[in-house]
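Here it is, the structure in full.
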Amino acid sequence: MQEPKRYLVTSALPYANGPLHIGHLAGAYLSADIFVRFLRLNGKDVVYVCGSDEHGAAITIRAKKDGTTPQAIVDRYDESLRTTFEKIGISFDIYHRTSAPIHHETSQEFFRTLNQKGEFVEQTKEQYFDESASQFLADRYIIGTCPKCSHPEAYGDQCENCGSTLSPTELIDPRSTLSGAKPVLKSTTHWYLPLDKYEDWLREWVETGKLEGELLHYPDEWKNHVLGQCKSWLDGGLQPRAMTRDLDWGVDVPQEIEGSEGKKLYVWMDAPIGYISATKQWAIDNGKDWKPYWQDKETALVHFIGKDNIVFHCLIFPAILKAHGDYIIPVNVPANQFLNLEGRKLSTSKNWAVWVHEYVEEFEGKEDELRYNMIKNMPEQRDSEFTWKGYQETNNNELVNNLANFINRVIVLTNKYYDGVVPTINPDLQIVDSSNQIEMSYQESELVDLHDKLQEIGEHIRKYEFRAALKVLMEISSTGNQLLQFNEPWKLIKTDEETVKVVMNTGLQVVTALSVACRPFLPFTSDKIRDILNLPRLEDNGEYMDLLNKLSEGEVILPDGHKINKPNHLFTKIPDEVIDAQIAKLEATEKANKGVSYEPVKETIAFDDFTKLDLRTGTILTAEKVRKTKKLLKLTVDLGFEERTVVSGIAEFFKPEDIIGKQVLLLANLAPRKLKGIESQGMILMAENSDGVLDFVSPGDGMGNGFVVK
RNA sequence: GGCGCGGUAGCUCAGCUGGUUAGAGCGCAGGAUUCAUAAUCCUGAGGUCGGCGGUUCAAGCCCGCCUCGCGCUACCA
């Protein structure tokens, strides 16, 4: 494979129903931003696109809850996301949105093409329909009692109380969120993408990098967990996936297609196409042609995402692109794992997060400090951790003490000794190099090493190893500190002024290199260093490449006689109080979450309703785990007059041997149901607290079996 | 339960296709130094590489079993 002619880089489209947190940043945005900034600095043709994902049922429901329109919701969060990204320095070429007309047109064109080519399979299934609102109900539009935890407000796809995944037909007493009416089952037709048919080429492409005999990527350049996840899906056998939904918020299925009425595109069909429509809009805005970026084989398409999106970007979207026929497929999908916060998973609903829009307000001017810490702890190969203490330590020890201090030392001394003018040197003079071993001539010593380190940073970035790249950047700065320490210009100035000039000139070259090399990671700092050096700010247009060329030619990168500015602190220490305040904020959240939440009392029932329940005392005689399940135990319960087999979802809390002989209460007249092939004849009564912990509700000692509870 | 990824110094993490005394940063201990935002530099202590077994002349790296964390999936009458 040869070097690509151009790059099209995407970051996952954030969903426009909430603000941005550090997990998003660490997952899909910072890594992409480093990558594209580096490419631009090397004079590459690259377009970096992103935008708000503004469709899907969650947004309409949110709108309904807030008493507003879906458009108002997405407008609000699109604005929030857009400004937050800008403030933290994510350098999209365009941040678009899927509610834009050009996106609707683009995704409809895709649908139309796939339909015309006969790629879809139409299938009719039974689905809930709200007769009073005369429309089909998406999973999220149906609420009912959770069959698992009896939470009365479970959604059709998931119960937020117990976290179980549900399907709408499982809900007890389902009702429509639109009208409150009881929905009826009615058949509806959808267009399915037959992923099973693409399985063979997808497998070959993922595992060998080859598609129709052409090598498109080297599989060992893909991350382990990405390949593993793909193989897992492929081995499990891909199933046809519906590309349409019965919704009223989203991209319409093209009108001329029969049966399109009331149908919208599935968000996972529509969202990735958002990358394409964003590129189109960018091309219009900049007088460019979008097509080569998506349709020319010499373009490298790279998707930056979090691990939750792997299947969509590695299998489903490539399948859509290839089914269309005119498009290239990604050369790599360097997905990151998840970032945890202070030992716990980030959670939007539990407010367990560091919100980026809050950070940029509370820590104004410290954008790079957050970027640095996030890159240093980026979850590249496994889940990683953000802690405020760690943030403080890296800031104080690495940014202030190492990087900013080195630069400050050089700038201060240059101003002191030479009134801020880069000194002319005698190139034959020798200085001690940073390993403090051999004395070498000026050009051989630091500048050769500098060139190698800059090269090394590039190699790491090209391999998506951003943590490693950042580490090398800091090594350059450490080397600079050593240079000063070993040569001690503050002492030498008294005896050997000419050699001091060599030391200081070298230090200045290193600072200049840092102003370029730090750019992908710390763009704001790059500007600050350029200002201090009295050099023009970088325009992200080949400057890294120029720098390497000059160094390999043995040319200096900051010429003699250049006048620099006065010193200015690049970073300042973050005191304990600031960190303590942030930790206190999280503790307050934790406390709020810990507050026991009680479920609302259900609707009042008549005494007769209660008497319909036949509750009995019983004793567990036997208990064994149901094979191939995590939660199920098969129990035999003695009711005195008979024995019942009961399957109960308590295996996570109780070992079979520990509950034999346990007195329990059993709902004895519940209709039997088969679970994993075993008929369960009744239900054991359990109490569940707000943490989801279960315990038996038992009669007191000595109560025999089979007696009625009333 | 199935599948995938991971479990390496007190902390955060590197370790390429198996090959000499297992690495980095922070933290810790001792020393040097003062140009610099009490910053910097040097030296050192710290690990039976999750556990057990196997393959091999040789295993952190390969194989099997077990265990813990995370994700996907099945699943909670």
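Just so it is clear, the values below take in all heavy atoms, side chains as well, and ignore hydrogens, waters and symmetry mates. Here is how names work: the chains are called A, B, and so on, in the same order as the sequence lines, proteins then strands, and each is numbered from 1.
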Give the nucleotide from the list B:A77, B:A14, B:G25 with an atom nearest to the side chain of A:L632.
->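 For the A:L632 side chain, the nearest candidate turns out to be B:A77.
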If pairing requires Watson-Crick or G-U wobble contacts with both distances under 3.5 Å, which nucleotide is the partner of B:C41?
->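 Paired with B:C41, as far as the under-3.5 Å criterion goes, is B:G31.
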Taking CD from A:E398 and P from B:C11, how many angstroms apart are they, rounded to a whole number?
->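 Taking atom P of B:C11 as the reference, CD of A:E398 is at 18 Å.
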Report which part of the nucleic acid A:L570 touches: base, sugar-phosphate, or nothing (heavy-atom distance under 4.0 Å, all strands).
->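 Contact class for A:L570: base.
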Separation of B:C16 P from A:Y464 OH (nearest whole Å) =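 In whole Å, B:C16 P and A:Y464 OH are 20 Å from each other.
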Under a 3.5 Å limit for both distances, which nucleotide forms a Watson-Crick or G-U wobble pair with B:C72, could you say?
->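 Base-paired to B:G2.
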Salt-bridge test for A:R644 and A:E642: reply yes if a basic N is under 4.0 Å from a carboxylate O, no otherwise.
->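 Looking at A:R644 and A:E642, the cut-off is met.
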Strand partner of B:U17, provided both Watson-Crick or wobble distances fall under 3.5 Å |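 With both distances under 3.5 Å required, B:U17 matches none.
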Whole angstrom is fine here: how far is it from CZ in A:R409 over to C1' in B:A38?
->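 Going from A:R409 (CZ) to B:A38 (C1'), I get 13 Å.
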Of the nucleotides B:U33, B:A24, B:U37, which one has an atom closest to the side chain of A:A404?
->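 In terms of side-chain proximity for A:A404, the closest of B:U33, B:A24, B:U37 is B:U37.
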Would you kindly check whether a donor in the side chain of A:E385 faces an acceptor in the base of B:U12, or vice versa, at under 3.5 angstrom?
->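 For A:E385, whose side chain was compared with the base of B:U12, there is no donor-acceptor pair (under 3.5 Å).
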Who is the Watson-Crick or G-U wobble partner of B:C65, with both distances under 3.5 Å?
->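 Answer to the pairing question: B:G51, which forms a Watson-Crick or G-U pair with B:C65.
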For atom NE2 of A:H460 and atom P of B:G15, their distance in whole Å |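 Nearest whole value for this atom pair: 10 Å.
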Residue A:V400, side-chain heavy atoms: nucleotide from B:U37, B:C35, B:G25 that is nearest |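 From the listed options, B:U37 comes nearest.
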Could you work out the separation of B:A9 and B:C52 based on their P atoms and round it to a whole Å?
->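 It works out to 16 Å between them.
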Of all the choices, B:C5, B:C41, B:U33, which nucleotide is nearest to the side chain of A:Q337 once you look at every atom?
->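 For A:Q337, the side-chain atoms sit closest to B:C5.
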Atom-pair distance (CG on A:N405; C1' on B:C35), nearest Å =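 One finds 9 Å between C1' of B:C35 and CG of A:N405, rounded.
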A:D638 vs A:T619, side-chain hydrogen bond (donor to acceptor under 3.5 Å, both in side chains): CA-CA, chis, key distance, verdict = CA-CA 5 Å; A:D638 183 4; A:T619 303; 5.8 Å; no
Please report, rounded to the nearest Å, how far the C1' atom of B:U43 is from the CD atom of A:Q485.
->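 Result: 14 Å.
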When rounded to the nearest Å, what value does the distance between C1' atoms of B:G30 and B:G19 take?
->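 It comes out at 36 Å once rounded to the nearest Å.
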Describe the nucleic acid contact of A:N481 in one word from base, sugar-phosphate, nothing, applying a heavy-atom distance below 4.0 Å.
->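 Sugar-phosphate only.
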Nearest to the side chain of A:R382, which nucleotide is it out of B:U8, B:G25, B:U33?
->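 The answer is B:U8, which lies nearest to the side chain.
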Choosing from B:A32, B:C70, B:C75, which nucleotide comes nearest the side chain of A:K307?
->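 The nucleotide sitting nearest to the side chain is B:C70.
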In the strands shown, is B:G46 matched to any nucleotide by a Watson-Crick or G-U wobble pair with both distances under 3.5 Å, and which?
->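 Looking at the geometry, B:G46 pairs with no nucleotide.
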Taking for each residue the nucleotide of RNA chain B with the nearest heavy atom, is it A:F571 or A:S478 whose nucleotide lies nearer the 5' end?
->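 Of the two residues, A:F571 wins.
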Which one is paired to B:A58, where only Watson-Crick or G-U wobble pairs with both distances under 3.5 angstrom count?
->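 Matched B:A58 with nothing under the 3.5 Å cut-off.
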How close or far is atom P of B:C13 from atom CG of A:D383, stated in whole angstroms?
->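 Going from CG in A:D383 over to P in B:C13 covers 9 Å.
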Does a donor on one side chain and an acceptor on the other come within less than 3.5 Å for A:K634 and A:S680?
->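 Judged by distance alone, the side chains do not pair up.
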Determine the contact category for A:K345: base if any of its heavy atoms lies under 4.0 Å from a base atom, sugar-phosphate if only primed atoms, P, OP1 or OP2 are that close, otherwise nothing.
->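 Sugar-phosphate contact only - A:K345 comes under 4.0 Å of backbone atoms but never of a base.
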Per A:N397 side chain, nearest of listed nucleotides B:A32, B:U37, B:C26 |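 My answer, after comparing the listed nucleotides, is B:C26.
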Rounded distance in Å between the C1' positions of B:G31 and B:G23 =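 After rounding to an integer number of Å, I get 24 Å for this pair.
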What integer number of Å spans the P atoms of B:A74 and B:C3?
->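 My reading of the P atoms in B:A74 and B:C3 gives 16 Å.
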Passes salt bridge (Lys or Arg N to Asp or Glu O under 4.0 Å), A:D200 versus A:R203? Steps please.
-> CA-CA 5 Å; A:D200 289 344; A:R203 181 187 297 280; 5.6 Å; no
What is the nucleic acid contact for A:K389, judged by heavy atoms within less than 4.0 Å: base, sugar-phosphate only, or nothing?
->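 Nothing, no heavy atom under 4.0 Å.
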How is A:V647 classified with respect to the nucleic acid when contacts are heavy atoms under 4.0 Å: base, sugar-phosphate, or nothing?
->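 Sugar-phosphate, backbone atoms only, no base.
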Please determine if a side-chain N or O atom of A:N340 lies less than 4.0 Å away from the OP1 or OP2 oxygen of B:C70.
->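 Answer is no, no contact under 4.0 Å.
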How far does the C1' atom of B:C28 sit from the matching atom of B:C11, given to the nearest Å?
->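 Pairwise C1' distance, B:C28 against B:C11, rounds to 12 Å.
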Integer angstrom distance from the C1' of B:A22 to that of B:C49 =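 These two C1' atoms come out 8 Å apart once rounded.
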Are A:K307 and A:D383 close enough, and set up right, to give a salt bridge (Lys or Arg N to Asp or Glu O under 4.0 Å), and what steps lead you there?
-> CA-CA 10 Å; A:K307 69 173 161 184; A:D383 291 356; 3.0 Å; yes
Quick one: on RNA chain B, does A:F338 or A:R467 contact a more 5' nucleotide (nearest heavy atom)?
->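 The answer here is A:R467.
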Which nucleotide sits closest to the side chain of A:S384: B:C5, B:C13, B:U40?
->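 It is B:C13.
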Would you say B:U37 has OP1 or OP2 under 4.0 Å from some side-chain N or O of A:N568?
->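 No, no such contact exists.
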In terms of the angle between their ring planes, are A:H217 and A:W222 parallel, tilted or perpendicular, with boundaries placed at 30° and 60°?
->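 The arrangement is parallel - the two ring planes meet at less than 30°.
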Complementary nucleotide for B:A9 - Watson-Crick or wobble, under 3.5 Å |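 The answer is none; no pair meets the criterion.
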Taking only side-chain nitrogens and oxygens of A:Q482, does any of them come within less than 4.0 Å of OP1 or OP2 of B:C42?
->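 For A:Q482, the contact criterion (side-chain N or O under 4.0 Å from OP1 or OP2 of B:C42) is met.
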Closest listed nucleotide, where the reference is the side chain of A:V412 and the choices are B:C5, B:A77, B:C35 =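 Taking heavy atoms from C-beta onward, the closest nucleotide is B:C35.
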Whole Å only: how far is the CD atom of A:E342 from the C1' atom of B:C11?
->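 One finds 13 Å between C1' of B:C11 and CD of A:E342, rounded.
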Charged N-O contact under 4.0 Å between A:E498 and A:K501 |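 A salt bridge links A:E498 with A:K501.
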Any idea how A:F304 and A:Y464 line up, ring-wise: parallel (<30°), tilted (30 to 60°), or perpendicular (>60°)?
->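 The rings of A:F304 and A:Y464 stand perpendicular, inter-plane angle above 60°.
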Looking for any heavy atom pair under 4.0 Å, which part of the strands does A:Q681 touch: base, sugar-phosphate only, or nothing?
->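 Answer is nothing: A:Q681 stays at 4.0 Å or more from every strand.
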For B:G54 versus B:A58, give the span between their C1' atoms, rounded off to a whole number of Å.
->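 The answer is 15 Å between these two C1' atoms.
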Kindly assign one of parallel, tilted or perpendicular to the pair A:H21 and A:H24, based on the angle between their ring planes and the thresholds 30° and 60°.
->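 Because their plane-to-plane angle is under 30°, the rings of A:H21 and A:H24 count as parallel.
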Rounding to the closest angstrom, what is the interatomic distance between B:U17 and B:G53 at atom C1'?
->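 The same atom, C1', in both gives a distance of 26 Å.
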Identify whether the glycosidic angle of B:G15 places it syn (within 90° of 0) or anti.
->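 Anti, angle beyond 90° from zero.
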From the options B:C35, B:C5, B:U37, select the nucleotide whose nearest atom is closest to the side chain of A:K416.
->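 Of the options given, the side chain of A:K416 lies nearest B:C35.
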